[in-house]
Structure formats: C-alpha cells, structure tokens
Amino acid sequence: MPVAEIIAIGTELLLGEITDTNTRFIARRLRENGVDLLRTSMVGDNAERIALAIHESLSRADFVITTGGLGPTVDDPTRLAVAKAAGVELEYRPELWDQILDRFRRYSREPSENNRRQAYIPQGSQPLENQVGTAPAFITTIAGHFVISLPGVPGEMEWLMGNLVLPFLHETYNLHEIIQVRVLHLAGLGESMVDERISELELLANPTIGLSAHAGQVDIRITAKADSPSRADSMIAEIESDIRHRMGDYVYGADADTLAGVILQITTGKNLNLALVDCGTNGELTRRLVAAGFPAANSRVISTPAPELDPETALMEQMQKSGSVIGLSASFLPGQEQQSVHILVISPNGRTTTTRTYGGAPANGIGWSVNTALDALRRTLLTIKT
Ligand code: ATP
Ligand code: MG
C-alpha cells in the first residue's frame with residue numbers, strides 16, 4: 001500500500017480565514033482507494049517553505065498531493081515551489097496556454113497576461129487538464145516519487161482528484177486494497193477503563209483499534225485494510241465481536257447510532273411510553289430525544305436549576321399526564337470546580353436514583369450530563385421485560 005502526504009497551501013489557511021476542507025476531502029478519497037495517509041501539513045504562500053515541506057514529505061511518503069497556490073497571481077507560488085523542490089526550471093507549455101485560452105473563450109472572458117504564468121510548469125512535469133477551471137494541475141517526478149499539484153478551489157480540486165488523480169494512482173500503484181472503518185459507541189465507562197479492557201487490541205497492526213473520548217461517551221474505532229470490502233468487513237466483524245464480548249452492554253451502538261436514537265428504538269420496540277423532566281440542561285436532553293422521534297409534549301423542561309423542585313413528584317405528575325410507564329428526570333447543576341447531575345428513573349421495575357459528578361471542562365458539562373442521564377435510562381430499559 002503506497003504512503004501519501006497532503007500539503008494544503010495558502011496563507012489564508014494559516015491565518016484561520018478559511019477552513020481547510022480540501023485535506024479532508026483528499027484524505028477520504030485516499031482512504032477509500034487504499035492509500036495510507038501518513039501526515040498532512042499546511043504551509044503559507046511562500047515558495048521556499050513549500051519546497052521544504054515537499055522535500056520533507058517525500059522523505060517519508062511515495063507521493064504528496066498539494067492543493068492551492070496554482071492561480072495566476074504572484075502570490076500563487078506552487079509552480080515555482082515544486083520546480084525548486086525538483087531542482088528544475090519552469091517551462092512554458094504552449095498546449096497549456098491553448099487550453100487556458102480555450103477555457104476563457106468558453107467563459108466569454110479575456111485572459112490577462114498574468115494567466116500566461118499558469119502555462120509554466122516544472123520541466124518534465126505531466127500536465128493534468130483542468131476541465132472545470134483555468135489553473136492547470138500537474139504531476140512532477142522527483143527521485144521516483146511524485147508531487148501531484150492541484151488547485152485550491154474545492155470544485156476544481158475535487159474534479160481533478162476523481163477524474164485524473166485517482167486513475168493515475170490506480171495505474172501507478174496497482175491499488176487493490178481498501179480501508180474500511182467502523183466506530184463503536186460506548187457510554188457509562190471512562191476512557192481509561194475502556195482502555196484497560198482492550199489494551200492489547202490497541203497494539204494490533206491490522207485492523208487497528210483507536211479510542212476517542214467525548215463527554216460521557218467513548219468511541220472505539222476499528223480500521224481494517226484488505227483486498228476487498230467484504231474481506232475488510234469480516235476482519236472488522238471478528239474484532240468487533242471480541243470488543244463487544246469484553247465491553248458487554250457498555251456498547252450502545254455503532255457508526256451513525258446515537259444514544260437517543262437507541263433509546264427510542266427500545267421504547268418503540270417494547271411499546272413503552274416515556275416521560276421526561278429535563279432540568280438545567282437548557283432543554284438539550286429533550287432536544288436530543290425529540291430529534292430521534294420522542295414527542296416533545298411528554299417532556300417538562302425546566303430551564304434553571306430548581307432546588308425547590310422535588311424530582312420524584314414532578315416526574316410522577318409528568319408520567320401521569322402522558323400516560324407513561326417509564327420516566328426519566330435529570331437535574332444538571334453547573335459549577336466551576338465540579339458539576340453534577342441527579343438522575344431518577346422510574347419504571348415497572350422500581351425507581352433508581354443516581355448522582356454523578358464531572359470534573360471536565362465546564363463547557364462540556366451539559367453534554368456530559370445528557371449522555372449520562374440517557375445512558376442510565378438505556379440501562380433500565382434493557383432490563384425491562386415485555
Ligand atoms: P485559483 O486559480 O482560483 O487562484 P489556486 O490554486 O490558486 O486557484 P488558491 O488561490 O490557493 O487556489 O485558493 C483559491 C480559493 O480556493 C481560496 O480562496 C479558497 O476559497 C479555496 N481554497 C483554497 N485552499 C483551500 C482548502 N485547503 N480548503 C478549502 N478551500 C480552499
Ligand atoms: Mg489563487
């Protein structure tokens with residue numbers, strides 16, 4: 001499997017003026033086509049620094065894709081930078097100038113003398129005809145490795161990637177492997193506890209296992225490389241069942257599943273009506289459930305923390321009003337040092353109360369308490385027989 005790097009070029013990227021969505025797009029395409037992406041970087045519009053970045057990338061990777069800096073102005077330095085990195089001059093290519101003139105004619109516009117710059121590419125490079133814009137792209141060979149230079153305009157970069165670059169990569173590297181990803185979602189257990197239970201799996205080379213922690217939720221990412229999607233799927237399935245065995249019902253779902261969605265699935269499946277008292281989360285708990293299909297009328301939202309509120313009385317009232325047999329009340333208490341959530345679940349199996357505290361970033365407190373409350377409800381739902 002060939003190894004690649006991406007260099008996003010543009011001072012406006014470094015200044016935070018625009019978001020680098022091109023790297024993400026290229027990374028996805030490479031993954032889908034079985035190319036290993038080793039590193040991505042971002043460089044301003046400076047030919048010396050871009051040339052240096054290309055050198056560094058090529059010392060690690062088989063090829064590098066650059067995006068941006070191919071326009072007609074002086075501050076579009078990619079052509080010059082690639083020539084520097086390759087140790088060659090820029091060369092005027094009349095056929096590129098013809099293509100540029102042709103493109104301008106079709107847009108009924110006049111090219112400026114500046115546009116002629118775009119007909120210069122590093123000596124010996126292979127042009128990639130840009131059929132959706134004026135900036136020609138090109139591939140330059142440096143010591144058996146490739147620099148593939150694409151424009152920064154997303155539509156042009158995407159067109160070139162799909163129509164010319166991927167076919168080139170398939171032919172050059174005889175690409176046949178693909179990379180498949182599956183993400184398992186867990187709740188109710190901290191990252192370090194998850195890590196402890198699957199630590200030796202995290203050392204595997206293929207599939208690889210990675211963890212990422214969110215407030216009140218941990219994701220386990222399984223990434224497999226294989227000759228075919230079905231082979232990758234079966235490699236993933238094997239590891240997934242091992243992980244599920246180790247983690248039990250801490251795993252609540254995979255990929256696009258959400259806690260709220262899973263809860264609605266269970267309540268619908270078991271034909272249970274749910275009522276809610278949602279206190280102090282700014283309505284976030286309700287919003288998440290409503291987005292998954294929960295009737296908003298079954299929720300009583302109390303915007304500020306209400307010490308005088310007796311959660312049990314409020315929840316019983318709410319359950320009676322909506323004819324529910326399951327009730328969840330969550331009261332979030334913000335704080336600088338420590339935040340907490342009081343959770344009450346009432347079900348045919350009885351009532352459970354839990355108080356959990358959180359020492360993470362205050363900004364994540366509500367997200368954490370919503371996930372924690374939803375998970376407490378999910379656990380109760382799993383125990384209910386119908
Ligand atoms: P042009 O011929 O239009 O000048 P170019 O190759 O010189 O193309 P840039 O000047 O670097 O490209 O960028 C043109 C525009 O494309 C930017 O103003 C920005 O809107 C968008 N763009 C550039 N790089 C990126 C990126 N990495 N991610 C998303 N958008 C980008
Ligand atoms: Mg430009």
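Side-chain atoms are counted along with the backbone in the values below, which use heavy atoms only and exclude waters and symmetry mates.
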Have [X] and [Y] got a donor and an acceptor in their side chains that come within less than 3.5 Å?
{"X": "Gln118", "Y": "Asn115", "value": "yes"}
{"X": "Asp219", "Y": "His185", "value": "yes"}
{"X": "Asp195", "Y": "Ser192", "value": "no"}
{"X": "Ser299", "Y": "Asp278", "value": "no"}

Separation of [Y] [atom2] from [X] [atom1] (nearest 0.5 Å):
{"X": "Met1", "Y": "Asn33", "atom1": "CE", "atom2": "CG", "result": "10.0 Å"}
{"X": "Tyr252", "Y": "Gln217", "atom1": "OH", "atom2": "CD", "result": "3.0 Å"}
{"X": "Asn130", "Y": "Met157", "atom1": "CG", "atom2": "CE", "result": "11.5 Å"}

Quiz item: In chain order, what residues pass the side chain to side chain contact (heavy atoms under 4.5 Å, CB included) check against Thr141, with sequence neighbours excluded?
Solution: Phe146
Practice problem: Using side chain to side chain contact (heavy atoms under 4.5 Å, CB included) as the criterion, list what pairs up with Arg24, not counting sequence neighbours. | Solution: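 Arg28.
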Quiz item: Would you say Lys84's side chain and Ala47's backbone share a donor-acceptor pair under 3.5 angstrom?
Solution: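 No.
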Exercise. Salt-bridge test for Glu200 and Arg246: reply yes if a basic N is under 4.0 Å from a carboxylate O, no otherwise.
Key: yes
Quiz prompt | Charged N-O contact under 4.0 Å between Asp76 and Arg117 | solution =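 Looking at Asp76 and Arg117, the cut-off is not met.
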Exercise. Tell me, please, which residues at least two apart from Arg379 pass salt bridge (Lys or Arg N to Asp or Glu O under 4.0 Å).
Key: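 Residues passing salt bridge (Lys or Arg N to Asp or Glu O under 4.0 Å) with Arg379: Asp249, Asp375.
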